[in-house]
2 protein chains.
Amino acid sequence: MLKRLIFSTFGANNVVVKKVSIKDVAKKAGVSIASVSYVLNNRKDSRISEDTIKKVKNAAQELNYRPNKIAKSLKTQRTFTFGLLVADIANPYFSQLARIIEDAAKHIGCTLIIGSCDEDKEKFEDLINTFCDRQVDGLIIAPVANSANFLERIQKQAIPFVLIDRYIPSLRATTIGIDNTEVTFKGTEHLIKNNRKKIAFISYITDLQHLLDREIGFKNALKAHKVPIKNSRLIKVDKDFIDRDIDKNLKQLLTPNPVIDALFFSSNKLAVAGLKTLVKLGIEVPEKIGVLAFDEVEAYKVFKVPVSHIKQPLYEIGVQAVTQLEKMIKDPQTKFQKTTLEASLIVGASS
Amino acid sequence: MLKRLIFSTFGANNVVVKKVSIKDVAKKAGVSIASVSYVLNNRKDSRISEDTIKKVKNAAQELNYRPNKIAKSLKTQRTFTFGLLVADIANPYFSQLARIIEDAAKHIGCTLIIGSCDEDKEKFEDLINTFCDRQVDGLIIAPVANSANFLERIQKQAIPFVLIDRYIPSLRATTIGIDNTEVTFKGTEHLIKNNRKKIAFISYITDLQHLLDREIGFKNALKAHKVPIKNSRLIKVDKDFIDRDIDKNLKQLLTPNPVIDALFFSSNKLAVAGLKTLVKLGIEVPEKIGVLAFDEVEAYKVFKVPVSHIKQPLYEIGVQAVTQLEKMIKDPQTKFQKTTLEASLIVGASS
DNA sequence: TTTAACTGATTAAACGTTTAAGCAATAAGT
DNA sequence: ACTTATTGCTTAAACGTTTAATCAGTTAAA
């Protein structure tokens, strides 16, 4: 065992033991490194005596040997690492999802690398490249707008990935998500049935299809119920200035007297910004204005009345993502698959 | 839950293209692999002709060569990867911090692996072991209770780490955090000065020193202002049953008539649970009860009045963690250091 | 008794890099 | 003209694993 003395500032013991490798274990056990490898990976297909097994295990234990996964990965061409790419890990939607995916990945022996790209195409591509350079076994991606070409290149490099949250119409790829059009339709219908017909729909200026779908679902519901669609009630805000835009628009719609009777927020961040403004303006919910929001964040429960919202099946999305990715890795011939999960309308007291 | 499956005709990769390696580039450029390595790492210390440089760069470009970081890591013994270990990445406190750390790490060319341990010692040790097996260059850790011994072992293995959020009194280690005692003192004093003297302090049943410090700060402030300390106002909840315990205790303290005039929540999760209960019970804030909370989450802004809270300097914590870790990696002789950053009291309208 | 089969181990090549050392060829110094 | 430097490149050894191939014994079969 090689020991080297360093001037450690850590604690009392300044003798640092060089990392023990398979070679050290072999020497200690008095066998070849191959034998050590066979034993420690307990490969039933190889022939090793009970005696050797014992010697190796003892040596490994005594030396506190831990296999170097980097070396293992280089040889086996598997890193047991997934890359998770989201818009922003600080957004509760993604951090909750990340947690679920982390657990599901750990469950099958894999580790997660996480990256946030802020909906920026360049950061998006950079991060995916970084993940690939690190030889991740697969990727779980919430794709940004206009990433079809780039993702096609990744497909050609035979790196398996699954798309979550968003999808790309032009891309044949395994995708997991909800039916945004349908659930927004359902939500809108709920408002209409509660006799709210002057609904403002708050969304982003965006190219992301799943968000455009929500708008479509909203319009479809109005049409289906013969409620006229007014452009002045289709609010689109700049994602980089949510608070400012929401503030301005809500003030316009709600003061001095509301010209609408409901607000439908198409994302959690929009909703939180909107709720803040509603509190500030002192608008009575649900008396004056009904509120329906997307996703599920703790703020909805702290608002003066529990906020009605559309809840995505985060757990299923995360587990499906990992499961399907694993399948693609194990069998590269796996067919592409689009999985649509059911989102649910949670009716609080705000609508 | 599973709604509909659409199968595509073709699998992901019918033709598997082998990854291009440095060898391929060398062959294409008509030079040795050493030359390729020297060029691509543009090492000024080595001698290479302009001609070779051009040939190599062209070849690399044409083949779309990307160096295999796993192989590089094995050789250089550096992975440019940090492990971040938190209690729960889905907790906004940690996810915001993770985002900041991710960015700071990327800024110096490093990638993050994130793990959540749920305050569980076994998961904690497992995850750190996993990180070490993957040869991370360093760790950023929010340590769980009673992890001193384990962390000492890690120190002996010469894996640099910095502690965030929490600290371990018995451990000599680089630590970044706030002065919990002091800022809780300040917060309590703020309540007292606003003539609230019957304060309930909501905390966890815990061994975590930083949380115990908050309780100490609270008591110190009461003493300093000659307010009697009542045990019935020191509420300790089970972290696994926050909603249940908060509900029960607040009901007891607040109904039918409040026996207290303020609530001080010692964490964001406790506060959110508490706010929910306050809404449910219809308690008037700040008229009947003052509220002060720890940390900063969006829910505080959506409550009927903006919640006064103690804001930690997340950005500084994250940046310091990465900066100091980098220093420790570059120079293993770096002395350990305890950094205390300033938390601020944000006065809303709830207190 | 000879050969074949089996058993339990070892040797060595490979994974894709980096980098010290070596080797020609040319330039410079005396 | 002869040594010495310098330049530009290559060779080959490592990093810590896995694993195919091989080898020496032993046992079973002929």
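Every value quoted in this text rests on a predicted model; they were computed, and no experiment measured them. Within every chain, numbering begins at 1; the chains are lettered A, B, ... in the order of the sequence lines, protein sequences first and strands thereafter.
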Mind listing the N/O atom pairs, protein and nucleotides 3-7 of chain C, below 3.5 Å?
none

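Interatomic distance, B/T323 OG1 to B/E316 CD, rounded to the nearest 0.5 Å: 11.0 Å. Between the CD1 atom in B/I140 and the CG atom in B/L163 there is a gap of 11.0 Å [rounded to 0.5 Å].
For the side-chain contact (heavy atoms from CB on, under 4.5 Å) criterion with B/L112, the lone passing option out of B/L84, B/T81, B/D103 is B/L84. Tested against A/L139, the residues A/I113, A/I159, A/L325 include a single side-chain contact (heavy atoms from CB on, under 4.5 Å) partner, A/I159.
Not one side-chain nitrogen or oxygen of A/S46 sits closer than 4.0 Å to the OP1 or OP2 atom of C/dG8.
Note: CG (A/D45) to P (C/dG8) measures 14 Å, nearest angstrom. Rounded to whole Å, atom C1' of C/dG8 lies 16 Å from atom CZ of A/R43. The CD1-P distance, from B/I53 to D/dG8, rounds to 10 Å in whole Å. Regarding A/L40, its CG atom lies at a distance of 14 Å from the P atom of D/dT19, rounded to whole Å.
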Do nucleotides 11-17 of chain D as a string where each nucleotide becomes B, S or -: B if the base has a protein heavy atom under 4.0 Å, S if just the sugar-phosphate does, - if no protein is that close. B--BBBB

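Counting any heavy atom pair closer than 4.0 Å across all strands shown, A/T52 reaches sugar-phosphate atoms only and no base atom.
Every residue two or more places apart in sequence or in another chain was checked for a salt bridge (Lys or Arg N to Asp or Glu O under 4.0 Å) with A/K327, and none qualifies.
Looking only at atom types and distance, the side chain of B/Q324 has a donor-acceptor partner in the side chain of B/Q320 under 3.5 Å away. When only modelled atom types and interatomic distance are considered, A/Q135 and A/S73 share no side-chain donor-acceptor pair under 3.5 Å.
Across the helix from C/dT1-D/dA30 to C/dT30-D/dA1, the helix axis at one end is tilted relative to the axis at the other end by 60° (nearest 10 degrees, each axis from five pairs).
A/K57 NZ: 12 or fewer foreign heavy atoms inside a 6.0 Å radius.
Checked by atom type and distance alone, the side chain of B/D88 never pairs as donor or acceptor with a backbone atom of B/S116 at under 3.5 Å.
Sorted by first then second residue, the salt bridge (Lys or Arg N to Asp or Glu O under 4.0 Å) pairs that include residues 21-36 of chain B, not counting sequence neighbours, are B/K28-B/E62. Pairs passing the salt bridge (Lys or Arg N to Asp or Glu O under 4.0 Å) check and including a residue from residues 126-136 of chain B, sequence neighbours excluded, read A/R66-B/D133.
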